Amino acid sequence: MRLNVVDTDRCVGCQVCMFACSRLHGQPGLGANRIAVRSAGGMERGFVAVVCRACADPPCAAVCPNDALAPRKGGGVLLKPDLCTGCGHCRTACPVGAVFWDEKDQKPMICVHCGYCARHCPHEVLAAEES
Amino acid sequence: MLPQDTLANVLYVDLSRRRHRTERREDLFRKNLGGAGAAAQLLAENCPEGTDPFSPDNPIILATGPLCGLFPLASKTVAMFKSPHTGNLGESHAGGRSSVALRMAGYGAVVITGANEKPGYLAVHGDKVHFRDARALWGMGSLFTAGRVIRENEPGPGLRSIMRIGRAGENLITYASVTTESYRHFGRLGLGAVFGSKRLKAVVLSGQRGLPVADLKGYRDLYEEIHRAAVESPAMKKYHDLGTPENVRPLNKLGGLPVRNLAAAGDERAEAISGERMAEGYLGRRLACTHCPVGCVHIAALREPYEREAYFYKTSMISYDYEPTYSMGSMLGVFQPEGLLKLLDAVEKVGLDSMSAGVALAWATEAFEKKLISVTETQGVILSWGDVPAYQLAIKHLVSRSNEFYTLLGRGVMAASGKYGGREYALAFGGNEMPGYHTGPGAHLGYLFGARHSHLDNAGYSADQKNLGKEPPPPEKLVSGLVAEEEWRQVLSSLVLCFFARGLYPPETVSRALECCGFDMNADQLKALGKDVLRTKYAFKVREGFDPRAESLPERIFQTPAPGGAIDRGYVERAISAYRKELGL
């Protein structure tokens, strides 16, 4: 499974996906979302959805000095929290800004492509598809 | 409420001293939940009797509620202040990202007092509070530009709310609005002018945090239930498809759409500005408030050629809703979609309440027609129904307060008709210009006695439509229904739930949602709270001089037949006595 942004032009900016992700990760509100929606330079221009691209050769994993980011089947990475020192190189390496940051634990938060957000997207912007 | 919940934090900001402090107010939120309930209490605490609305003492209160950030459609921010437009209770609600941003910044409410010495804006990012310079933003012609500059200077994209004013607020037009997220408004009763009087160009709020819940699994289950109901509800689909302009066609057909300063209540040409025609011809994008799956905000794309240069076009994205379609459209005899959009854009750029502005221009057009005013007053503008360029020019004069006439018009139809006459067709209720429903006695009584003189206070227009074709209920019954509705709406607005979601949140669901936030309130206790909040608001109104005996209804509403026929004066008088009795006035 892999999360895909199917059509950003359908996005109304409700951010229901962000709340879904954070809720799933045990933090109602917006404390743990691994997806972000923001305007494309003012509401008049529509929206951008920032999600992990599930790279086949993930730059975030490549720069991890402790192999804390293991390649995931179907693309993307899985975090091994015990190995992570919170250096933040992964965050800098991701060109789309999809490595989110847990300020409390000082560790990255990265999408696991479960599709929970897509199931809550009311306007068919997001879809979880077979990779 | 839960002890860890940041909802209980109230941020007090004093612009004069450039100081701020945060106080835990669990008492306030435990009793009043948040939103309208908490704001009404904070207003009573922070606005001394007889405060001049433009003095630094007038507080600006912004409040959110416990369900915000946790449940869908809890998306409104309630603003309270003393209104410079009516000289009494100021209350206005806006969506956009404002409410979630306030909650995520870690506060249940903000109280802003004092005034900036020079133009400034306030930026609140979590517990960091900044007093920023806004001298370069003051006087900017377009609110879109001011929004862009602030956006580029502040952190928190995707998580912030930027509430700003335009030239109307700076120039103290008493019905200036505050705009948030380009297209949402604290539209009514002049919050924008209160910002202006404080030389406060904007308030930026942002933050990000998890919120505590009493039982994670129970919370998730209830969330799913409400989310499913929201996305499957036909009412929600209606607002998504056409948005509030969906109402233009049925109201016009019914004969309840005010036309040309309510000289009529319908016009076949209004079909051209119906929700259906606007969507087919111009709909360019839909937007949602944060945490609302509906997305009712409709934005038109207007492509216009430059007159002096071939093949040179500009495209503007312009928000349209039912109320502005009435006030800047049918009320002014403007039935061409492009003309309507140009007028909406003109008021959006300067930050005027489109409703009061439209009604003021409609009064002026009729007064011009009846020769109470002439080109001497209008600075050469020949006001006539449907004349878009003339209205564009009049809006410029109005915002600039270019002479005594426009200055008075910028204080509303009561001020203007007080000087020039024409009170019988000055369509204001309690000093506030009328909304777009001429559906019967319920609507007009609701405007007159609703605590903020809004159709949303008690949905009188809905009561009228339900009573159509039936024997009218005794006036006492109509009134008790309106009061009960207004009381329940105090609960909804204390929870900051969008009124469109009222069907999704019956009292039992509200109780269950509140339980997740650590509140134990059953349906009866909620209803008692609603009564209490409305009484608190009315106590403020009476203290500040609201006297129902001194209020009168504009003659025009009795002259133009409503859908059920001409409104009966005797019926209305009995209803007014009933209203006074119900509210203890």
Side-chain angles (χ1 to χ4, degrees), chain A residues 5 7-51 96-98 100-105 107 109 114-126, chain B residues 6 68-73 75 96-97 100 103-104 144 147-148 151-152 156-160 162 180-184 207-213 216 219-220 223-224 227-228 230-231 236 240 284-297 299 301 315-319 516-517:
Chain A
V5 182
D7 188 353
T8 37
D9 288 319
R10 293 182 61 97
C11 182
V12 296
C14 69
Q15 303 185 324
V16 164
C17 53
M18 293 163 62
F19 288 98
C21 184
S22 194
R23 190 167 68 248
L24 179 74
H25 288 94
Q27 290 210 42
L30 291 175
N33 50 298
R34 286 113 164 104
I35 177 168
V37 170
R38 58 175 167 78
S39 83
M43 296 279 167
E44 50 274 38
R45 291 168 197 268
F47 297 93
V48 175
V50 178
V51 299
V96 298
F100 295 83
W101 201 249
D102 181 338
E103 294 292 343
K104 197 170 127 272
D105 291 346
K107 291 203 192 317
M109 301 188 293
C114 69
Y116 191 73
C117 56
R119 285 203 293 285
H120 286 84
C121 173
H123 301 299
E124 299 167 44
V125 177
L126 305 170
Chain B
T6 51
C68 178
L70 291 174
F71 289 99
L73 287 125
S75 52
R97 281 198 199 124
V100 167
R103 186 96 164 93
M104 291 292 122
F144 289 99
R148 181 182 58 72
R151 211 159 54 228
E152 286 169 4
L159 298 167
R160 63 194 171 190
I162 304 176
T180 188
E181 285 66 82
S182 305
Y183 299 116
R184 296 290 87 193
Q208 184 159 26
R209 68 185 60 242
L211 297 170
V213 290
L216 188 59
Y219 159 69
R220 281 183 182 142
Y223 188 100
E224 291 305 317
H227 175 77
R228 217 172 310 120
V231 295
M236 297 284 114
H240 177 72
R285 187 181 299 295
R286 289 188 187 88
L287 306 176
C289 296
T290 299
H291 217 168
C292 169
V294 178
C296 77
V297 186
I299 311 292
T315 302
S316 313
M317 301 301 283
I318 304 162
S319 162
C516 298
C517 315

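Letters go in sequence order (proteins before strands), and every chain restarts at 1. None of these values were measured; they are calculated from a predicted model.
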Item checked: Heavy-atom closest contact (B/L216 atom, A/G26 atom, distance) -> CD2-CA, 4.0 Å
Notebook entry, point to check: Which pair of non-hydrogen atoms, one from B/L70 and one from A/P28, has the smallest distance, and what is that distance?
Noted result: CD2-CB, 3.4 Å
Next item on the list: Pick one of side chain, backbone, both or neither for A/C121, based on which atoms fall under 4.5 Å of a heavy atom in chain B.
Entry: neither
Notebook entry, point to check: Do the non-hydrogen side-chain atoms of A/N33 and B/Q208 ever get within less than 4.5 Å of each other?
Noted result: yes
Note to self: Report which part of A/R45 has an atom under 4.5 Å of a heavy atom belonging to chain B: side chain, backbone, both, or neither.
What the structure shows: backbone
Checklist line | Counterpart residues, salt bridge (charged side-chain N to carboxylate O under 4.0 Å, His left out), relative to B/R148 (two or more places apart) | finding: B/E152
Next item on the list: Provide the closest heavy-atom pair for B/P293 versus A/P122 in the form atom of the first, atom of the second, distance.
Entry: CB-CG, 3.5 Å
Note to self: With salt bridge (charged side-chain N to carboxylate O under 4.0 Å, His left out) as the rule and sequence neighbours excluded, what pairs involving residues 18-40 of chain A come up?
What the structure shows: A/R23-B/E224
Next item on the list: Keeping the roles fixed (side chain from A/Q15, backbone from B/G158), state whether a donor-acceptor pair exists under 3.5 Å.
Entry: yes
Check: Between A/A20, A/G41, A/S39, A/G13, which shows the greatest number of heavy-atom pairs under 4.5 Å with chain B?
Finding: A/G41
Next item on the list: Answer with side chain, backbone, both or neither: which region of B/V100 has an atom nearer than 4.5 Å to a non-hydrogen atom of chain A?
Entry: side chain
Next item on the list: Name the option with the most non-hydrogen atom pairs under 4.5 Å to chain A; the candidates are B/R220, B/M317, B/R160, B/R286.
Entry: B/R220
Item checked: Which portion of B/H291 sits near chain A, non-hydrogen atoms under 4.5 angstrom -> both
Margin query: Heavy-atom pairs under 4.5 Å with chain B: which of A/M43, A/R10, A/H25, A/E103 has the most?
Written below: A/M43
Note to self: In terms of relative ring orientation, are B/H240 and A/H123 parallel, tilted or perpendicular, with 30° and 60° separating the classes?
What the structure shows: parallel
